[in-house]
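Worksheet: the structure to be examined is printed underneath.
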Amino acid sequence: MVARQDSPLLNRRILVTRPAAQAGPFIAELRRLGAHVIAFPTIEIAPPPTWEPLDAAIRRLDGYDWVIFTSVNGVRFFRDRLAALGQPPDALARRRVAAIGPATARAIQALGAQVDIIPDEYVAEAVVEALGNVAGKRILLPRAAEAREVLAVTLRERGATVDEIAAYHTLPGQPAPDSLTELDAGIDVATFTSSSTVRNFFALLGSAKARKVLASALIACIGPITAQTAVEYGLPSPLVAQVYTTAGLIDAIVQAQMPS
């Protein structure tokens, strides 16, 4: 597709650090808007070393009051384990379910389950507030092994019993060698869609090289937690999407690129 000359991101060099398996729609929309996309996946999503803890939780699913999903990946691996154990995909329909955001909610609904709670702000702290009184409740939290502890810790402080189980791991990505050459040619906008994408960008390049590559780039983050991580790594105050989704991130970038 050839971008129109009035495309809002025409010829803007935009770095995408999202995992390759999930970056397709994001990259396609940026290209539709005229951007030159540099795909540099800094993380990969992988299964945990063993399925035993997640499988055991699924077998006792009826014992939970709530199941909380904080990512589409968590839903995907949960769905796959349901199938592996011979459980119907709508096994979640009997449980109350919370999703951290709309994309996660859609993945849950695709399993035939209702989503009872989506917080107004798509961060762990907002999930806790939306749940209300959880004293005495038993909660299953299938998530990344590397996820922030704040959700489980806060729920326990409020009296819940939380089974926090690794449904997947976030591992360093393996960008193509030619993408390193693309980085050296300059970046106009660098996008980060999780704290892990920030951390692993610096891990892959080294701090000095990473800061050099990003020196003149607009740093665009999907939400405040990712932005906080970017600042901790010494990056300038990032642009943060008003809606914490890739679509919201694109909207924020487009607005930032429009003439004032």
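Not measured: the values here are computed from a predicted model. These numbers come from the heavy atoms of this one structure, side chains and all, not from hydrogens, waters or symmetry mates.
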**OP:** Quick one: do Asp184 and Lys209 satisfy salt bridge (charged side-chain N to carboxylate O under 4.0 Å, His left out)? Show the steps, please.
**Re:** CA-CA 10 Å; Asp184 290 333; Lys209 172 76 170 179; 2.4 Å; yes

Do you reckon [X] sits in the same ILVMFWY cluster as [Y], going by side-chain contacts under 4.5 Å, direct or chained?
| X | Y | value |
| --- | --- | --- |
| Leu111 | Leu54 | yes |
| Leu239 | Leu214 | no |
| Val134 | Val127 | yes |
| Leu183 | Ile14 | no |
| Phe40 | Ile187 | yes |

Original post:
Is a salt bridge present between Asp65 and Arg95, judged by a nitrogen-to-oxygen distance below 4.0 Å?
Top reply: no

Subject >> Carboxylate-amine/guanidinium contact Arg143 Glu149, below 4.0 Å >> reply: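 Answer for the salt bridge query: no.
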
Interatomic spacing from [atom1] in [X] to [atom2] in [Y] - rounded to 0.5 Å:
| X | Y | atom1 | atom2 | answer |
| --- | --- | --- | --- | --- |
| Arg156 | Ile139 | CZ | CD1 | 10.0 Å |
| Ile68 | Leu140 | CD1 | CG | 9.0 Å |
| Ile117 | Arg96 | CD1 | CZ | 6.0 Å |
| Leu131 | Thr154 | CG | OG1 | 11.0 Å |
| Leu235 | Arg211 | CG | CZ | 7.0 Å |
| Phe69 | Ile100 | CZ | CD1 | 12.5 Å |

Donor-acceptor contact present, side-chain [X] to main-chain [Y], <3.5 Å:
| X | Y | result |
| --- | --- | --- |
| Thr50 | Glu52 | yes |
| Arg138 | Val162 | no |
| Arg13 | Gly186 | yes |
| Ser7 | Leu10 | no |

Might you point out which heavy atoms bring [X] and [Y] nearest each other, and give the distance in Å?
| X | Y | result |
| --- | --- | --- |
| Ser196 | Thr42 | O-OG1, 4.3 Å |
| Gln22 | Pro25 | O-CD, 3.9 Å |
| Gly112 | Asp90 | O-CB, 4.3 Å |
| Ala93 | Ala113 | N-CB, 4.0 Å |
| Cys221 | Leu249 | O-CD1, 3.5 Å |
| Leu15 | Thr191 | O-OG1, 2.6 Å |

Beyond-backbone contact of [X] with [Y], side-chain heavy atoms, under 4.5 angstrom:
| X | Y | result |
| --- | --- | --- |
| Leu151 | Glu125 | no |
| Thr245 | Pro102 | yes |
| Arg158 | Val128 | yes |
| Lys137 | Thr161 | no |
| Ile250 | Phe26 | yes |
| Ile219 | Pro236 | yes |

Show me, pair by pair, the donor-acceptor contacts under 3.5 angstrom made by side chains of residues 167-181, not counting sequence neighbours?
from   : atom 1 : to     : atom 2 : distance (Å)
Tyr168 : OH     : Ser71  : OG     : 2.8
His169 : ND1    : Glu146 : OE2    : 2.9
Ser179 : OG     : Ala176 : O      : 2.5

Original post:
Can you check side-chain contact (heavy atoms from CB on, under 4.5 Å) on Arg59 and Leu85, steps first, answer last?
Top reply: CA-CA 8 Å; Arg59 291 190 183 99; Leu85 295 170; 3.4 Å; yes

**OP:** Let me see the working for Ile45 and Phe77 under side-chain contact (heavy atoms from CB on, under 4.5 Å), right down to the final yes or no.
**Re:** CA-CA 10 Å; Ile45 306 302; Phe77 282 106; 3.5 Å; yes

**OP:** Only one of Ile118, Asp116, Val67, Val115 passes side-chain contact (heavy atoms from CB on, under 4.5 Å) with Ile108; say which it is.
**Re:**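 Going through Ile118, Asp116, Val67, Val115 one by one, the side-chain contact (heavy atoms from CB on, under 4.5 Å) with Ile108 is satisfied by Val115 alone.
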
**OP:** Identify the residue among Val75, Leu92, Thr104 that makes a side-chain contact (heavy atoms from CB on, under 4.5 Å) with Val97.
**Re:** Leu92

Contacts under 3.5 angstrom, residues 223-231 side chains, donor-acceptor by atom type, not counting sequence neighbours:
from   : atom 1 : to     : atom 2 : distance (Å)
Gln228 : NE2    : Glu232 : OE2    : 3.2
Thr229 : OG1    : Ser195 : OG     : 2.6
Thr229 : OG1    : Ile225 : O      : 3.2

**OP:** Kindly indicate, with the supporting measurements, whether the criterion side-chain contact (heavy atoms from CB on, under 4.5 Å) is fulfilled by Ile38 and Val16.
**Re:** CA-CA 6 Å; Ile38 298 133; Val16 172; over 6 Å; no

Original post:
Will you find, in the side chains of Asp188 and Gln257, an N or O donor that is under 3.5 Å from an N or O acceptor?
Top reply: no

**OP:** May I ask you to decide if the ring planes of Phe192 and Phe201 are parallel, tilted or perpendicular, using 30° and 60° as cut-offs?
**Re:**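 Rings of Phe192 and Phe201: perpendicular, as their planes differ by over 60°.
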
Original post:
Under the side-chain contact (heavy atoms from CB on, under 4.5 Å) test, which residues partner Gln242, sequence neighbours left out?
Top reply: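 For Gln242, no residue satisfies side-chain contact (heavy atoms from CB on, under 4.5 Å) once neighbours in sequence are set aside.
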
**OP:** Applying side-chain contact (heavy atoms from CB on, under 4.5 Å), run through Arg60 and Asp163 and close with a yes or a no.
**Re:** CA-CA 11 Å; Arg60 60 176 183 268; Asp163 287 347; 3.4 Å; yes

